[in-house]
Amino acid sequence: MSILDAIKGDVWRIKWSKLPEMELRQSSVRDFRYCPAQYNFKRTSESNSKLPDFFFFGSMFHSLCENMLMGIDFNPDWLIEELFMERDYELGGLSIKDISNRLWDKDIFYGDSVMDLVDKSIRLISSAGITYEPSSIEKMVGFKLGKVTFSGTPDFVGELAGDGVILDFKTSGLSGRFFRNGSISSTSFKKFQISYSTQLQHYDWLMYRTSGLKAKYYGYILPANLTINTRTNKMRGDPLQMAEAPDLDSLLHSYEDDLYGTAKEIAECIDKNHWTRRRPEVFGKLDCVRCAYKDSCLGQRTIRNIPKWMK
């Protein structure tokens, strides 16, 4: 390696080392881009609000898959008890016992129980020819440069014909049926959405910067698509959707540049102690209604002299 190449290879370390103290996880980066004010509330305070049921279902499904992939002999009832102890959830009045019983109820997902979907999701990986080491499941990846800490925990890291694969489990479309006897929604991603997923790119970037490993494929496991559509008697969609990952040059000169830009924005907010409210909207509706900090953030302002048409 030439001296020029060595200097060029260290430039990224030098610029990151000049930033103030912060922790950059994929979730925290997403929070800041969504709304700096929300990011700051999460960073500096504890919310007493209950998490919605889909958070619980996602954590439960991920934990079940994780233990089975790692070959751990575990008790699902104990796993659910641990989740109950970690956070407070809004579960529509269901108890630990109710949820434990529902794990094995095949009527909920039209012939499949939660445990059936977990088993099918895991079999899906091997049927696709993807191999893995149990030690690579839910393994924290991270490092520190100066005062900046980077971290992330990929759901699954494996290989396909010798090339690296990063997979993530998405339980969207299942919780409504599990908790409220609602409908099941199938899920679909375009290849472009998978290839440029900031979550999967973050994991890929962490792995490359810590060990030099670069994934060739990204993918999502979608258990909702494994359930049977009672009208057609077929699966609702492709349960394993994959795409080629961006090449190394794109990862380092696109994702890393964007990540550094976000870090600089965070640094500026820290320096000025000013955290902008983005007031995000989805289809014209203020999305702050879902934020656990909405009362602290927006509730401090009251409307006086309310017009008659608003009463």
K.L.:
I want to know whether W275 and F41 have ring centres closer than 6.0 Å.
P.N.:
no

K.L.:
Could you check whether any side-chain heavy atom of L51 comes within less than 4.5 Å of a side-chain heavy atom of D88, counting everything from C-beta outward?
P.N.:
no

K.L.:
Which residues pass the ring pair (Phe, Tyr, Trp, His ring centres under 6.0 Å) test with Y89, sequence neighbours left out?
P.N.:
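Ring pair (Phe, Tyr, Trp, His ring centres under 6.0 Å) list for Y89, sorted by chain: F56.
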
K.L.:
Through direct or indirect side-chain contacts below 4.5 angstrom among Ile, Leu, Val, Met, Phe, Trp and Tyr, which residues connect to V289?
P.N.:
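When side chains under 4.5 Å apart are linked, V289 ends up in no cluster with other residues.
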
K.L.:
Out of R177, K120, K106, which one pairs with D112 under the salt bridge (charged side-chain N to carboxylate O under 4.0 Å, His left out) rule?
P.N.:
K120

K.L.:
Would the number of heavy atoms belonging to other residues, nucleotides or ligands and lying under 6.0 Å from NZ of K147 be above 12?
P.N.:
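At most 12 heavy atoms, drawn from other residues, nucleotides or ligands, come within 6.0 Å of this atom.
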
K.L.:
Whether K144 engages the ring of F150 as a cation-pi pair (distance to the six-membered ring centre under 6.0 angstrom, angle to the ring normal within 45°) should be assessed.
P.N.:
no

K.L.:
Answer yes or no: are there more than 12 heavy-atom neighbours, outside K214 itself, under 6.0 Å from its atom NZ?
P.N.:
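Check passes, neighbour count above 12.
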
K.L.:
Checking side chain to side chain contact (heavy atoms under 4.5 Å, CB included) between I125 and each of V165, L160, L69, which is the one that passes?
P.N.:
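So the option named by the test is L69.
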
K.L.:
Is R123 atom CZ crowded by more than 12 heavy atoms from other residues, nucleotides or ligands, each under 6.0 Å away?
P.N.:
no

K.L.:
Evaluate the ring-ring contact (aromatic ring centres under 6.0 Å, His included) criterion for residues W78 and F84: first the C-alpha distance (whole Å), next the side-chain angles of each, then the deciding distance (0.1 Å), finally the verdict.
P.N.:
CA-CA 10 Å; W78 294 351; F84 264 85; over 10 Å; no

K.L.:
Quick one: does P20's side chain get under 4.5 Å of M22's, heavy atoms only?
P.N.:
yes

K.L.:
Salt bridge check: are R102 and D105 linked by an N-O gap of less than 4.0 Å?
P.N.:
no

K.L.:
Does any donor atom in the side chain of H253 or D249 lie under 3.5 Å from an acceptor atom in the other side chain?
P.N.:
yes

K.L.:
Would you say the side chain of P36 lies within less than 4.5 Å of the side chain of R278, judging by non-hydrogen atoms?
P.N.:
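Yes, side chains in contact.
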
K.L.:
If you measure only the distance, is there a donor-acceptor pair under 3.5 Å linking the side chains of S197 and Y220?
P.N.:
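On atom types as modelled, these side chains qualify, holding a pair under 3.5 Å.
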
K.L.:
Other than F283, what residues sit in its cluster of Ile, Leu, Val, Met, Phe, Trp and Tyr side chains whose heavy atoms are under 4.5 Å apart, directly or through others?
P.N.:
V282

K.L.:
Under a 4.0 Å N-O cut-off, is there an ion pair linking E268 with K272?
P.N.:
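Answer for the salt bridge query: yes.
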
K.L.:
Within a radius of less than 6.0 Å around CD of E133, do more than 12 heavy atoms belonging to other residues, nucleotides or ligands occur?
P.N.:
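It does not: E133 CD has 12 such atoms or fewer within range.
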
K.L.:
Could you check whether R43 pairs with E23 (Lys NZ or Arg NE/NH1/NH2 to Asp/Glu carboxylate O, under 4.0 Å)?
P.N.:
no

K.L.:
State, with a plain yes or no, whether a side-chain heavy atom of V29 is found less than 4.5 Å away from one of T198.
P.N.:
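No - every pair of side-chain heavy atoms lies 4.5 Å or more apart.
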
K.L.:
Excluding sequence neighbours, so at least two apart, what forms side-chain hydrogen bond (donor to acceptor under 3.5 Å, both in side chains) with T230?
P.N.:
none

K.L.:
Are the side chains of L222 and Q241 in touch, meaning some heavy atoms are under 4.5 Å apart?
P.N.:
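Yes, side chains in contact.
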
K.L.:
Salt bridge check: are R33 and D31 linked by an N-O gap of less than 4.0 Å?
P.N.:
no

K.L.:
Taking the side chain as every heavy atom from C-beta outward, state whether T227 and M235 have any atom pair closer than 4.5 Å.
P.N.:
no

K.L.:
Go through E256 and W12 one step at a time and tell me if the side-chain hydrogen bond (donor to acceptor under 3.5 Å, both in side chains) criterion holds.
P.N.:
CA-CA 9 Å; E256 183 172 281; W12 75 280; over 6 Å; no

K.L.:
Cut-off 3.5 Å, side chains only: do D77 and S100 have a donor facing an acceptor?
P.N.:
yes

K.L.:
Decide yes or no on side-chain hydrogen bond (donor to acceptor under 3.5 Å, both in side chains) for S95 and D98, but give the supporting numbers first.
P.N.:
CA-CA 5 Å; S95 66; D98 292 332; 3.1 Å; yes

K.L.:
Could you pull out all residues at least two apart from F192 that satisfy ring pair (Phe, Tyr, Trp, His ring centres under 6.0 Å)?
P.N.:
Y196

K.L.:
Show every ring-ring contact (aromatic ring centres under 6.0 Å, His included) that has at least one partner inside residues 92-132, sequence neighbours left out.
P.N.:
Y132-F156

K.L.:
Between S113 and D116, do the side chains contain an N or O donor and an N or O acceptor separated by less than 3.5 Å?
P.N.:
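Side-chain D/A pair, S113 to D116: present.
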
